[in-house]
Asks: 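My structure is below; once you've seen it, I'll send some questions.
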Amino acid sequence: MSVSLGSLGTKTSCSLRHHGNHSHSHSHSHSHSHSHSHSHSHSHSGVLKNTRLMTMASSSSSSTTAAALQVTSLELPPPLTSTTPGTWAYDTMSRRVLENIVQGTVVADNEHLLDNAARGRISLLEAELANAAETKLEHILHHANGENETSSNDEKAWRQLMQPYVERGDTWLSAPWLVTEFYLYRRILHATGYFDAKAPLHLHDPFALQKKKGLAACASAMSSLAPRVNAFAAADFGDDLDAKSDQLRLFVMLSLWGNRMDLSIWPSEGDGAASSARAAKAVEAALAESASNLLHDDADNAMKVIVNARRVDIVVDNAGFELVTDLALADALACAGGEGACVTLRVKGHPTYVSDVILEDVFETIDTLAASKEEAVAAMATRWKTHMRSGRWVVAPHDYWAQGFPFWTMPEDVVAAVSGADAVILKGDANYRRLLGDLQWPLSTPFAEVAGYMPAPTLALRTLKAELGCGMAEDRVAYAKAESDDWMVSGRFGVVQFWEGVGAGESCASVRAARTKEYFTM
Ligand SMILES: O=P(O)(O)OC[C@H]1O[C@](O)(CO)[C@@H](O)[C@@H]1O
């Protein structure tokens with residue numbers, strides 16, 4: 001269910017119905033009320049061997065904007081796992097998540113807050129990760145002290161996701177990487193007691209400090225951004241659609257390269273002026289190199305749809321600077337669409353992947369910017385509050401966005417929520433991995449062939465941070481490879497890929513169902 005936010009700006013406390021019938025209160029500097037449901041209706045248990053994909057008829061031969069494919073016998077490629085030393089996936093699951101995430105972030109940042117029970121659960125998790133190659137996966141609530149989650153409502157979904165891998169004795173490394181990495185973050189919340197109403201860290205975001213630092217670190221970048229955002233909002237383009245489109249495109253590119261600033265590969269180093277200046281430089285550099293670092297660019301086609309869109313959904317990714325760039329894009333879209341245009345920000349139902357945006361992050365960010373001493377920054381954020389109040393902006397949290405399912409498993413309520421959009425903008429690498437099911441598609445596979453199952457036209461804005469991809473021409477891949485060995489994971493390169501959504505109704509539903517069956521028998 002979506003959340004329309006009203007009366008921002010008055011100091012009240014708000015009741016957030018996060019998980020099922022359990023509720024909790026947050027003291028906040030604005031009031032809003034919302035609720036969201038979590039009905040997951042995955043049907044992963046049905047096993048159909050040798051299912052072939054039935055993709056849709058193509059209306060054109062052009063790659064990513066084509067409707068999709070002829071009915072073909074396309075078997076899904078294998079998923080990425082974390083079993084190959086030397087890969088980013090292996091390094092992540094066999095070392096980084098233990099050293100950098102659990103020890104270096106969760107424990108380090110929350111040291112003084114963790115009680116003994118949480119410490120015990122974290123130690124168990126650490127022991128599992130230290131022996132990731134041997135440790136078999138278990139259902140989240142099957143752990144020692146596992147039955148302590150009184151305020152979560154996602155057990156069924158997680159059981160469905162983990163079942164095939166628990167059943168066949170997969171380890172942290174042998175199961176699909178997409179599944180294990182999301183599972184790691186959910187286990188972290190389990191360990192800290194996020195869903196335990198009696199725990200001291202109930203509903204405490206273990207990554208809050210990182211997010212705060214990340215936002216502080218981009219103050220300089222914000223100062224140069226705000227006047228441009230304000231100018232677009234104030235502009236009257238009249239009938240000059242080209243001018244409007246050209247300027248809006250800048251916000252699309254800004255939001256794309258904002259994804260490079262992900263905290264997990266660009267840790268903030270405090271809130272000092274040095275890191276702030278560094279961030280500002282990084283943003284300028286990213287925009288300056290945009291054309292050469294784009295490995296595919298469907299912006300022309302995408303602009304035709306979004307320049308006058310009445311409703312755009314943004315499945316957002318990281319807090320910090322990336323969120324600010326997404327809000328700048330959301331602002332521009334809402335203004336470009338005119339009276340009645342609406343942007344829905346789809347955010348995670350709970351913390352995950354360190355910096356991923358939850359509902360509270362949106363408020364924190366806007367409140368922080370509104371309190372800025374810089375006039376332009378404060379004016380920008382004040383306008384954003386107005387968007388919230390008027391319903392032009394809607395923030396919609398859902399647990400599905402924080403789970404390691406390929407997007408073709410999208411449950412009915414999520415499908416229903418996004419299907420009315422003129423375009424769904426998918427931000428970042430992890431969302432992109434879910435769009436691709438984290439499968440090893442040949443890199444030249446047309447985007448429409450891979451993503452042409454979504455319930456609405458889809459625009460992916462992704463900087464490459466994982467060893468997979470699609471829709472990239474051979475010469476662009478060769479160029480990137482020649483430039484750097486780590487081209488797939490460094491975040492330097494990016495793609496703007498758009499699927500027009502032809503057949504996004506019935507035929508896409510059957511593709512989603514077929515892929516779901518096939519995926520869970522792989
Ligand atoms: O913030 P983003 O762009 O979703 O990126 C998160 C990324 O972090 C990593 O998981 C590494 O932990 C990437 O491979 C992953 O997709």
Side-chain angles (χ1 to χ4, degrees), residues 79-82 84 86-106 129 132 172-173 175-188 207 210-211 214 218 254-268 282 286 293 295 314-326 346-348 351-358 361 401-407 425-440 459-470 486-497:
L80 283 174
T81 63
S82 318
T84 312
T87 62
W88 179 245
Y90 177 84
D91 186 45
T92 296
M93 297 313 298
S94 65
R95 186 192 63 80
R96 274 188 346 104
V97 292
L98 174 59
E99 292 176 12
N100 300 9
I101 309 296
V102 177
Q103 293 167 345
T105 305
V106 176
L129 294 172
W172 279 91
L173 303 193
W177 179 33
L178 182 69
V179 174
T180 53
E181 198 172 15
F182 273 91
Y183 171 75
L184 180 265
Y185 286 99
R186 184 59 181 78
R187 283 286 306 278
I188 288 173
F207 307 114
Q210 293 298 317
K211 290 171 174 174
C218 62
L254 184 75
S255 162
L256 163 70
W257 297 117
N259 178 243
R260 187 189 281 181
M261 311 300 160
D262 165 27
L263 299 180
S264 65
I265 60 170
W266 183 64
S268 50
N293 287 337
L295 302 182
I314 306 180
V315 183
V316 299
D317 189 9
N318 300 295
F321 185 67
E322 183 175 0
L323 177 59
V324 177
T325 65
D326 293 342
R346 304 213 169 266
V347 302
K348 266 88 179 171
T352 188
Y353 272 77
V354 184
S355 45
D356 282 16
V357 175
I358 57 173
D361 299 327
W401 304 119
Q403 296 163 351
F405 289 102
F407 279 150
I425 299 180
L426 285 182
K427 284 300 315 288
D429 193 73
N431 281 324
Y432 192 85
R433 285 172 59 194
R434 294 185 64 186
L435 184 67
L436 271 61
D438 223 26
L439 307 185
Q440 302 174 55
L459 172 62
L461 303 178
R462 175 226 187 183
T463 65
L464 281 66
K465 300 175 191 168
E467 291 135 330
L468 79 169
C470 72
D486 65 353
W487 68 281
M488 290 194 104
V489 298
S490 64
R492 170 179 162 189
F493 296 99
V495 289
V496 174
Q497 293 172 320

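Atoms within a ligand are numbered from 1 in the order they appear, just like the ligands themselves.
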Asks: Which atoms from ligand 1 have a heavy atom of A466 less than 4.0 Å away?
Replies: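 By the 4.0 Å cutoff, the relevant atoms are 14 (O).
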
Asks: Could you measure the distance from the CH2 atom of W177 to the OG1 atom of T81? Nearest 0.5 Å is fine.
Replies: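 Taking CH2 in W177 and OG1 in T81, the distance rounds to 10.5 Å.
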
Asks: Measure the distances from the heavy atoms of R96 to every atom of ligand 1 and state whether one is below 4.0 angstrom.
Replies: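 Within the 4.0 Å threshold, so yes.
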
Asks: Using a 4.0 Å cutoff against the non-hydrogen atoms of R433, which atoms of ligand 1 qualify?
Replies: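 Contacts of ligand 1 toward R433, numbered from 1: 10 (O), 13 (C), 14 (O), 15 (C), 16 (O).
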
Asks: Tell me, with the steps shown, if S490 and W88 meet side chain to side chain contact (heavy atoms under 4.5 Å, CB included).
Replies: CA-CA 10 Å; S490 64; W88 179 245; over 6 Å; no

Asks: As an exercise, identify every atom of ligand 1 less than 4.0 angstrom from a heavy atom of Y353.
Replies: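 Ligand 1 atoms under the 4.0 Å threshold to Y353: 10 (O).
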
Asks: F182 ring centre to R433 NZ or CZ under 6.0 Å, with the angle to the axis within 45°?
Replies: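 Geometry flag: not set, cation outside 6.0 Å or 45°.
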
Asks: Heavy-atom contacts with G428 under 4.0 Å: which atoms of ligand 1 show up? List them by number with element.
Replies: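 Those of ligand 1 that fall under 4.0 Å from G428 are 3 (O).
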
Asks: For the residue pair K465 and N259, establish whether any side-chain heavy-atom pair is separated by less than 4.5 Å.
Replies: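 Result yes, sub-4.5 Å side-chain heavy-atom pair found.
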
Asks: Is there a side-chain contact between C470 and L436 (heavy atoms, below 4.5 Å)?
Replies: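 When only atoms from C-beta onward are counted, L436 and C470 do touch, with a gap below 4.5 Å.
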
Asks: Start with the C-alpha gap between L464 and Y432, add the side-chain angles, then the distance that decides, and say whether side chain to side chain contact (heavy atoms under 4.5 Å, CB included) holds.
Replies: CA-CA 9 Å; L464 281 66; Y432 192 85; over 6 Å; no

Asks: Heavy-atom contacts with D317 under 4.0 Å: which atoms of ligand 1 show up? List them by number with element.
Replies: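 In order of number, 1 (O), 2 (P), 3 (O), 4 (O).
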
Asks: For K465, counting its heavy atoms only, list the atoms of ligand 1 lying under 4.0 Å from any of them.
Replies: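 Here the atoms of ligand 1 in question are 1 (O), 2 (P), 3 (O), 5 (O), 13 (C), 14 (O).
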
Asks: Do any nitrogen or oxygen atoms of W88 lie less than 3.5 angstrom from nitrogen or oxygen atoms of ligand 1?
Replies: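 Between W88 and ligand 1, an N or O pair is found under 3.5 Å apart.
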
Asks: Return yes if some donor-acceptor pair links the side-chain N/O of R492 with the main-chain N/O of W487 below 3.5 Å, else return no.
Replies: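 No; zero donor-acceptor contacts below 3.5 Å.
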
Asks: Is there a heavy atom in W177 that sits closer than 4.0 Å to ligand 1?
Replies: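 Heavy atoms of W177 do come under 4.0 Å of ligand 1.
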
Asks: Quick one: closest heavy-atom pair of M93 and A132, and the distance?
Replies: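 Distance-wise, the nearest heavy atoms are O-CB, 3.9 Å.
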
Asks: Quick one: sort the Y183 and W172 rings into parallel, tilted or perpendicular, breaks at 30° and 60°.
Replies: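 Y183 and W172: tilted rings.
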
Asks: Is there a polar contact between ligand 1 and A430, counting only N or O atoms under 3.5 Å apart?
Replies: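 Yes, A430 has an N/O under 3.5 Å of an N/O on ligand 1.
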
Asks: Has ligand 1 got any nitrogen or oxygen that is less than 3.5 angstrom from a nitrogen or oxygen of D429?
Replies: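 Looking only at distances, the answer is yes, because the N/O contact criterion of under 3.5 Å is met.
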
Asks: Pairs of nitrogen or oxygen atoms closer than 3.5 Å, one from N318 and one from ligand 1: do any exist?
Replies: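 Yes: some nitrogen or oxygen of N318 is under 3.5 Å from one in ligand 1.
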
Asks: Please could you name the atoms of ligand 1 that E181 approaches to less than 4.0 Å, counting only its heavy atoms?
Replies: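 It comes down to these atoms of ligand 1: 9 (C), 10 (O), 11 (C), 12 (O).
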
